[in-house]
Amino acid sequence: MKVIITGASKGIGRGIASYLAMDGHEVGLLARSEDLLEDLQQSIRDQNGESHAVSCDLRDPEATRTAVDWLVEQMGHCDGFINNAGLVIRKDIFDISMEEWHAMMDTNVNGLFYATKAILSHFQRQGRGHLINISSISGKLPLAGGSAYAASKHAVTGLSLSLFQECRDHNITVSTIYPGSVASQSPRHGEDTGESWKVAPEDVGRVCRDILSADPRTTISEVEIRPLGRPPKS
Ligand SMILES: NC(=O)c1ccc[n+]([C@@H]2O[C@H](COP(=O)([O-])OP(=O)(O)OC[C@H]3O[C@@H](n4cnc5c(N)ncnc54)[C@H](OP(=O)(O)O)[C@@H]3O)[C@@H](O)[C@H]2O)c1
């Protein structure tokens, strides 16, 4: 399959892209950091995988459409599109700034919406496609110490579950993944509990593979993936 992943330069997105590429899929990679995308492409090449990459800031709707169109053109068509890019700022209402609120909403909600509009025009033309949205457990439950992040992820969930209904008659599946703590290696505000107990990014990739390879008469519409263990006691 040919699959585009946003936020592929690091963390969960890199894990998804690496897993899918090693599973034999051709991957389209989108993020802002050109150097990190080049590094991932080299690693995929080293393992005889195939990839295409474009640098793009998802907060810009025109740039997003141009980047998505370019990737689809490079790949010939697109079977799956994974909205993974996101900004995680774990601060409570007393500490978070207006700028941080807007940056998170612009990335997690507006950016995801722009990318979705861009790929759905291709899926509509093709008459098929799989859209996978990475929400969060914080897109279902409250997150004390991360209220603004939770608000942005609840928006992703609401959009994604509604899109499932809007798209199914167009032969387009929409799936929502709710990860718990994933070892994305990216620095976060708040307590540092280490990474060893968390879900590996590649395991989110395995979930995406399973969604993409479901029987065409079936759709895996929602998946929660959490670590079995708990954070170490401090
Ligand atoms: N880690 C967790 O425990 C966890 C749990 C549940 C859900 N999630 C969700 O999983 C997704 C990935 O999280 P992560 O932990 O892997 O985060 P991360 O390590 O910080 O990676 C975020 C990715 O998004 C990209 N990105 C951010 N802003 C962007 C923008 N404006 N335009 C284009 N790309 C942008 C980044 O690339 P550039 O900086 O190169 O642009 C990077 O590739 C997010 O949606 C997050 O909410 C994470």
Side-chain angles (χ1 to χ4, degrees), residues 4-19 27-41 53-68 71 81-90 100 102-116 118 132-141 143 145-146 148-157 159-160 176-205 207-208 222-227 229 231:
I4 296 173
I5 303 108
T6 72
S9 61
K10 55 188 170 206
I12 297 176
R14 184 176 169 122
I16 295 172
S18 302
Y19 185 89
V27 289
L29 315 170
L30 184 154
R32 290 166 301 181
S33 310
E34 271 178 56
D35 51 338
L36 297 180
L37 289 174
E38 271 169 30
D39 181 71
L40 175 57
Q41 284 201 284
V54 65
S55 170
C56 164
D57 188 335
L58 288 167
R59 294 172 296 183
D60 178 338
E62 290 309 316
T64 300
R65 177 168 288 278
T66 303
V68 170
L71 282 173
F81 189 95
I82 304 175
N83 269 318
N84 161 79
L87 179 61
V88 186
I89 303 175
R90 289 186 63 152
E100 287 170 325
H102 285 298
M104 227 165 9
M105 296 306 277
D106 276 351
T107 308
N108 299 357
V109 184
N110 293 339
L112 182 142
F113 183 81
Y114 304 148
T116 300
I132 301 177
N133 294 316
I134 306 293
S135 180
S136 170
I137 297 288
S138 306
K140 296 178 114 176
L141 299 172
L143 179 66
Y149 174 67
S152 74
K153 289 309 206 176
H154 274 71
V156 171
T157 301
L159 178 67
S160 191
T176 312
I177 302 180
Y178 307 92
S181 296
V182 181
S184 59
Q185 312 279 345
S186 299
R188 300 277 186 253
H189 303 273
E191 198 186 350
D192 182 7
T193 56
E195 301 278 43
S196 59
W197 61 281
K198 296 180 180 175
V199 171
E202 289 73 15
D203 286 335
V204 184
V207 170
C208 291
E222 295 181 73
V223 178
E224 260 187 38
I225 175 167
R226 301 166 179 255

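In each ligand, atom 1 is the first atom listed, and ligand 1 is the first ligand listed.
- For ligand 1, the 4.0 Å heavy-atom shell contains residues Gly7, Ala8, Ser9, Lys10, Gly11, Ile12, Ala31, Arg32, Ser33, Cys56, Asp57, Leu58, Arg59, Asn84, Ala85, Gly86, Val88, Thr107, Ile134, Ser135, Ser136, Tyr149, Lys153, Pro179, Gly180, Ser181, Val182, Ser184, Ser186, Arg188.
- Using modelled atom types, no side-chain atom of Glu34 and backbone atom of Ser55 make a donor-acceptor pair closer than 3.5 Å.
- The pair Arg32-Asp60 does not count as a salt bridge, with every side-chain nitrogen at least 4.0 angstrom from each carboxylate oxygen.
- Contacts of Asp203 classified as salt bridge (Lys or Arg N to Asp or Glu O under 4.0 Å), with partners at least two apart in sequence or in another chain: Arg206.
- For Ser135 (side chain) and Thr176 (main-chain N/O), no donor-acceptor pair under 3.5 Å exists by modelled atom type.
- In terms of modelled atom types and a separation under 3.5 Å, the side chain of Asn84 and the main chain of Gly7 share a donor-acceptor contact.
- In this structure a side-chain-to-backbone donor-acceptor pair under 3.5 Å is present from Lys153 to Ile134.
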